[in-house]
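Working notes for the structure below.
Any value given below was found using the heavy atoms of this structure, including those in side chains, with hydrogens, waters and symmetry copies removed.
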Amino acid sequence: MKQIRNLFPILKREINGKTLVYFDNAATTQKPQSVIDELVNYYSNENSNIHRGVHTLSQHATEKYEETRIKVKQFMNAQHSEEIIFTRGTTESINLVASSFGEKFLDENDEIIISALEHHSNIVPWQLICEKKKAKLKVIPINEKGEIIIDELPKLISKKTKIIAVAHISNALGTINPIKEIIEIAHKNNIPVLIDGAQAISHFPVDVQDLDCDFYCFSGHKMYAPMGIGILYGKKELLEKMPPYQGGGEMIENVSFEKTTYNHLPFKFEAGTPNVGDALALSTAIKFIESIGYDNIIKHETELMDYCTSEMEKLGFIKFIGTAEHKAGAISFLIDGVHPYDTGIILDKMGIAIRTGHHCAEPVMNFFKIPGTARASFAIYNTKEEIDTLIKGLIAVQKMFNS
């Protein structure tokens, strides 16, 4: 663990005179030095626009960029490299599908199904296309544990259902959703499924062929890569039928004032100059995860989740929000009599970084009739000693507000 932590320079930083304890990994993970070095190296030694140049720098950058696409294909076990689309992140990936798939396949009075656990990024894009196409949004309900009520899904499906979009893991509660079962139910009714994998990709392996999902989205910055780079995986046969999301350079084959023909996959969905440096750093982040191994990541993070939950339970003044049987990555909670914002502010004075608020999941908070939660979320570099520091901080918060 000491060796792993030494790979992350920011973990040596002090906040308010205390060594940083970083438990905000569901918002973004910190970056290992190898990822930072890759980004610096690109802009120091390799910076060039790609796909368009005959000179050495352009050809070299193009080669490394396309090698990253192949790396992501292998990482997700996609069938074809052209099924990997580079985006700015999960949000843009979902917007791309909502806009393009919706433009092609959605008609008036058609239906889209999401769940009550979704991040705003997997709600608003579907609302926008529903409004444009005069379609309807349906919602799979959740129970008091913060779990999808899977038995309600078949009741929501009709001949008008065109797509189902759900998160792999809830960012607000840490609930692991039964996406394989959802996909099986959907496919029995010939309905494609999009999975928001932003919270899942750093915690356990994702095999898109095994899942048989039609679309899978994730952000690099939640898996140790830089911000501003993300991935949309889509089955080739669907992507080929969908119209371009944006117009511009690279996504075209031929342009005239009379007619434009579009490029083949994946370039049809990658208009404009791409984020080359961050894409190369994404490849480095994948290599970092592979060097640790998902088995080790799962074992370590499960121990952290179990230990933190157990230590919080002992305090007697913690209310857990979201007690699903299957969870990963995050614990949402409230301290009796304390607003979560105050909890976050006071912990920050102690050098402890957590997230507070509605976590871009207001419908979840409305369901539990609360304004928000405090959320501690974990990564491979976190330790039980840091959890002990958090527990001491929570005791201090409770004493301050109840004295």
Side-chain angles (χ1 to χ4, degrees), residues 1 4-32 36 119-120 170-174 198-199 202 219 221-224 226-227 301 304-305 307-322 327-362 364-365 368 370-403:
M1 180 50 59
I4 290 173
R5 288 180 61 83
N6 283 338
L7 299 176
F8 293 82
I10 201 169
L11 297 182
K12 298 180 177 67
R13 182 175 175 183
E14 290 191 350
I15 302 293
N16 296 316
K18 306 288 186 180
T19 301
L20 170 65
V21 174
Y22 187 79
F23 285 141
D24 195 19
N25 296 286
T28 194
T29 52
Q30 298 301 340
K31 320 307 171 193
I36 298 169
H119 188 282
H120 296 168
S170 163
N171 76 299
L173 306 180
Q199 296 299 328
S202 68
S219 300
H221 76 95
K222 299 190 190 263
M223 52 168 287
Y224 311 106
M227 296 180 181
E301 292 183 354
L304 292 178
M305 286 279 290
Y307 181 70
C308 190
T309 301
S310 174
E311 293 301 300
M312 283 184 170
E313 285 174 342
K314 293 175 185 176
L315 296 178
F317 55 77
I318 297 291
K319 179 181 180 181
F320 295 99
I321 308 298
K327 292 185 64 174
I331 297 173
S332 267
F333 63 94
L334 294 170
I335 297 177
D336 292 341
V338 184
H339 194 283
Y341 182 80
D342 293 325
T343 299
I345 289 291
I346 295 168
L347 289 177
D348 180 62
K349 301 299 182 184
M350 305 174 191
I352 304 167
I354 65 166
R355 181 67 46 163
T356 63
H358 55 61
H359 315 298
C360 292
E362 285 191 67
V364 175
M365 302 303 141
F368 287 102
I370 54 176
T373 70
R375 182 187 70 193
S377 50
F378 308 102
I380 186 60
Y381 42 68
N382 289 129
T383 66
K384 289 183 178 179
E385 289 75 18
E386 288 181 314
I387 291 173
D388 292 338
T389 302
L390 172 63
I391 297 299
K392 291 176 184 176
L394 295 177
I395 293 171
V397 172
Q398 196 270 344
K399 286 182 178 178
M400 183 179 299
F401 279 87
N402 289 279
S403 61

Exercise for the section: May I ask you to decide if G344's main-chain N or O and D348's side chain share a donor-acceptor pair within less than 3.5 Å? Expected result: no
Exercise for the section: Output all residues satisfying side chain to side chain donor-acceptor pair (under 3.5 Å) with Y341, sequence neighbours left out; order by chain, then residue number. Expected result: none
Practice task
Quick one: which residue pairs count as a side chain to side chain donor-acceptor pair (under 3.5 Å) with a foot in residues 21-30, not counting sequence neighbours?
Solution key: D24-R355, N25-Y381, N25-N382, T28-K31, T28-H221
Exercise for the section: Could you grab the distance from atom CG of N171 to atom CZ of R375, nearest 0.5 Å is fine? Expected result: 5.5 Å
Problem - K12, NZ atom: more than 12 neighbouring heavy atoms under 6.0 Å - result: yes
Practice task
Only counting residues at least two apart or in another chain, list the ones meeting salt bridge (Lys or Arg N to Asp or Glu O under 4.0 Å) with E386.
Solution key: R5
Fill in the blank from the handout: Those residues at least two apart in sequence (or on a different chain) that pass side chain to side chain donor-acceptor pair (under 3.5 Å) with D388 are Y307
Handout entry: Residue pair H359 / M365: nearest heavy atoms and the distance that separates them
Key = CD2-CE, 3.8 Å
Exercise for the section: Report yes if the side chains of I331 and F378 come closer than 4.5 Å at any heavy-atom pair, otherwise no. Expected result: yes
Please output the side-chain donor-acceptor pairs of residues 308-316 that fall under 3.5 Å, not counting sequence neighbours, one pair per line with the distance.
from	atom 1	to	atom 2	distance (Å)
T309	OG1	M305	O	2.8
E311	OE2	K314	NZ	2.8

Problem - By ring-ring contact (aromatic ring centres under 6.0 Å, His included) - contacts of H358 (at least two apart) - result: H120
Exercise for the section: Measure from the side-chain N and O atoms of S377 to the backbone N and O of A330, and report whether any donor-acceptor pair falls under 3.5 Å. Expected result: no
Practice task
Please check if the side chain of K327 supplies one atom and the backbone of L173 the other of a donor-acceptor pair under 3.5 Å.
Solution key: yes
Practice task
Identify the residue among D342, D336, I335 that makes a side chain to side chain contact (heavy atoms under 4.5 Å, CB included) with F401.
Solution key: D342
